[in-house]
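Counting starts at 1 for both ligands and their atoms, in listed order.
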Amino acid sequence: MESGVRVRFAPSPTGPLHIGGLRTALYNFLFARKHNGAFLLRIEDTDRNRLVPGAEQYILDSLRWCQLHYDEGPDIGGPCGPYRQSERLHLYRHYAQLLVERGHAYYAFDTAEQLEALRRELSQQGSDLQQYDATTRNRMINSLTLSADEVQQRIASGQPYVIRALIPQDEEIQFVDRIRGTISVHSRQLDDKVLFKSDGWPTYHLANVVDDHLMNITHVIRGEEWLSSTPLHVLLYRFFGWESQMPQFAHLPLLLKPEGTGKLSKRDGDRLGFPVFPLAWTDPETGQTSPGYRERGFLPEAVINFLALLGWHPSGNQELFELYELIHDFSLEHIHKSGARFDFEKARWFNHEYLKRLPGEEVARLWQQFPEFYPQGVSWDYLVQVCDLLKQRCSLLEEFRDAGRPFFERPVLPKEWVQQHDKGQVNLWLPELLQALDRQSDFSKTKLEELLKNFLAQHGLKAGAVLPALRLALLGVNQGPSVADIMAVLGKEEVSQRLQAALHVFTSIDNPKVNT
Ligand code: GLU
């Protein structure tokens, strides 16, 4: 057990939460719960150009749907609030200036044109130097090259400036990643990143480090894409004198395309027909809505289970985990370094496993959330019985649309399928079966199974010839639940009517097998 654990999920509201982001939130949540720590939600909304309306609410809704409840966050507050960076601006200016005063950062006044000129010059020289670093900063307009008076004048006259980190020239920066081990990067590979922008907003790096420190974060668990920023963050901890309280880092592997190469993107989902967002998202620009896992009929428990296993591997072979088991078993040491290949079929499998364990009432209640194909005018009891059957065969609630229809509407029997059955035979036994069913008062599944078994034995019929024809006659389908199950759910009256209608079809359609 690690003590005093405080972790955070720190998304930027620049669009809908991707399932990769949801996995990051989940791992933070599991880690916090496992160690009796705190899980925080912090909204990193300092990149004002990339803000997307509705994205923050979407993040909150997604976490709520998955029941990843946080202990501190923008909507519930907490001792280290506010938890939205746009409400903490006063702090960042203060800390940026502190770094300037301590000689770890400097003002830079270069205009966009001047920076562009430097970029062009470097590329003409075929240089791989980074644009603003130890080798170039002396050629630029900044508080390292201007006199103190001039810097003051420029600032006083309102000239725009940024504050850049002063990266040491020749230093090996080392830190330990809980998943990847010791990482070592030479300061030569870093540039003097902007920490504070001319519009008065901090960049991600400054705000992230300041907030992690002020919020007493003990472990930074985040996506691999942030690994390259970590050396700068390590330097910032040192510049501020916060080294001894620096959080531990754990960078999670990428979620890969189903092919196993490259990062999973929304385009992959569109191309292969699976969602990459937890909930439906309507793009505010195009007005286009993409369904999420919820709208495709996934259960949040299944999403959590399959996401947990995308990158983290428990010690045994167990695949189905209740949340409390995930919390119990989770450890950073069992997270893989290499990317985790996304497999939608496996995700469906998980959902099926969860769906089939739910009682019919629960499934029926979930179905109500899909009004577009929730059957109207049906009794609750009947619906529950149908759900008990469908959940055995469907992986997603969206599949109930087609699989459920024949229970609510009498089927039209496709001619080709009728012709596949030996009509001559069906016409012989179906009238007799109708009579037997008519005499049957107990329409429970077990009694019906018995009746069918006896009927087959008495007439010397093969199950393989009779049952598929009956299933077709009852539901108009070639595959589906057992005939006794179907009959028990439909009930005596409906079974009798459907079988009589089917007998009529079998009798009226030419059967090539008989004619030839
Ligand atoms: N705001 C960053 C993001 O959008 C947070 C990265 C981090 O966790 O440090 O993912």
Do the rings of H251 and F249 sit parallel, tilted or perpendicular, given the 30° and 60° boundaries?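 It falls in the parallel class, under 30°.
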
Step by step, would you call F274 with F342 a ring-ring contact (aromatic ring centres under 6.0 Å, His included)? CA-CA 11 Å; F274 60 78; F342 181 76; 4.8 Å; yes

Dump the pairs for me: ligand 1 N or O, protein N or O, distance under 3.5 Å, to 0.1 Å.
unit_1   : atom_1 : unit_2 : atom_2 : d
ligand 1 : 1 (N)  : A10    : O      : 2.8
ligand 1 : 1 (N)  : S12    : OG     : 2.9
ligand 1 : 1 (N)  : E44    : OE1    : 2.6
ligand 1 : 4 (O)  : S12    : N      : 3.3
ligand 1 : 4 (O)  : S12    : OG     : 3.2
ligand 1 : 8 (O)  : R8     : NH1    : 2.7
ligand 1 : 8 (O)  : R8     : NH2    : 3.4
ligand 1 : 9 (O)  : R8     : NH2    : 2.9
ligand 1 : 9 (O)  : Y204   : OH     : 2.9
ligand 1 : 9 (O)  : N208   : ND2    : 3.0
ligand 1 : 9 (O)  : R222   : NH1    : 2.8
ligand 1 : 10 (O) : W226   : NE1    : 3.4

Quick one: ring pair (Phe, Tyr, Trp, His ring centres under 6.0 Å) pairs with a partner in residues 51-90, sequence neighbours left out?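 For residues 51-90: Y58-W281.
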
Would you say the side chains of S143 and R154 form a donor-acceptor pair under 3.5 Å? no

Return the minimal non-hydrogen interatomic distance between E171 and R238, and the atom names on each side.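 For E171 and R238, the tightest heavy-atom pair comes out as OE2-NH1, 2.6 Å.
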
Which one of R405, R296, R348, K391 satisfies the salt bridge (Lys or Arg N to Asp or Glu O under 4.0 Å) criterion with E399?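 The single option meeting the salt bridge (Lys or Arg N to Asp or Glu O under 4.0 Å) with E399 is R348.
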
